[in-house]
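A short worksheet on the structure shown next.
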Amino acid sequence: MNNLNDRTLTITKTFNAPVKLVWDAWTQSEHILKWWAPNGMDIQIIEHDFTVGGKWKYTMPMPDGSDFISEGRYKEIIPQKKIITSADFKPMTEGVELQSNFEADGEKTIFIFSVIHATPAYCKQQEKMGFYNGWGSTLARLEKVLETI
């Protein structure tokens, strides 16, 4: 097994919102619809079974008429603390694990988001494809949504 650090990309962000609010925005369909996609894009929630073993699937219509599909299965849920899910983002990224950690800091939330890849080479490829810009802009959208709920 490769060293986990060689296969993991992580973003840490502090949200100016309490953990419960960030958790709700990350886990409830009506909020996910507002931020999960990059700026200017919309998503549709096909399935959202937020339970251990439950499946989630979102589609994002692309300008060329195809669909970008995000889907996975929840492996671990610790309310207002941690979510671990498998994830495929077809056609770009497949077979990764998302780990979302929520840590209260007074009325703020320290959010640690990690994506674990199968190999160090795949991890590097995903980083070069724009992991930090893509997820960074998505989390910036989440930050704006948190101001409205």
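Applying the salt bridge (charged side-chain N to carboxylate O under 4.0 Å, His left out) criterion to Lys124, with sequence neighbours excluded, gives Glu127. Applying the salt bridge (charged side-chain N to carboxylate O under 4.0 Å, His left out) test to Asp24 and every residue at least two apart in sequence or in another chain returns Lys20. For Thr8, there are no side chain to side chain donor-acceptor pair (under 3.5 Å) partners two or more places apart in sequence or in a different chain. With sequence neighbours left out, the side chain to side chain donor-acceptor pair (under 3.5 Å) criterion links Lys82 to no other residue. Qualifying salt bridge (charged side-chain N to carboxylate O under 4.0 Å, His left out) partners for Lys81, counting only residues two or more places apart in sequence or in other chains: none. By the side chain to side chain donor-acceptor pair (under 3.5 Å) test, Thr59 is found to be paired with Gln44, residues two or more places apart in sequence or in another chain being considered. For Trp56, the side chain to side chain donor-acceptor pair (under 3.5 Å) partners at least two apart in sequence or on another chain are Thr85. Checked against ring pair (Phe, Tyr, Trp, His ring centres under 6.0 Å), Phe68 has no partners two or more places apart in sequence or in another chain.
The side-chain heavy atoms of Ile43 and Ile32, taken from C-beta on, include a pair separated by under 4.5 Å. Using a 4.5 Å heavy-atom cutoff, the side chains of Gln80 and Phe102 are not in contact.
No donor-acceptor distance shorter than 3.5 angstrom exists from the side chain of Asp88 to the backbone of Lys90, with no hydrogens or angles considered.
Residue pairs meeting the side chain to side chain donor-acceptor pair (under 3.5 Å) criterion with at least one partner in residues 130-149, sequence neighbours excluded, are Lys13-Glu143. For the side chain to side chain donor-acceptor pair (under 3.5 Å) condition, the pairs that include at least one residue of residues 102-116, sequence neighbours left out, are Thr10-Ser114. Counting only residues at least two apart or on different chains, the salt bridge (charged side-chain N to carboxylate O under 4.0 Å, His left out) pairs with a member in residues 51-60 are Lys55-Glu71.
Taking the centre of each ring, Phe113 and Trp26 come in below the 6.0 Å mark.
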Between side-chain atoms of residues 92-100 and protein atoms elsewhere (two or more places apart, or another chain), which donor-acceptor pairs fall under 3.5 Å?
from  : atom 1 : to     : atom 2 : distance (Å)
Thr93 : OG1    : Gln126 : OE1    : 2.4
Glu97 : OE1    : Lys75  : NZ     : 2.8
Glu97 : OE2    : Gln99  : NE2    : 2.8

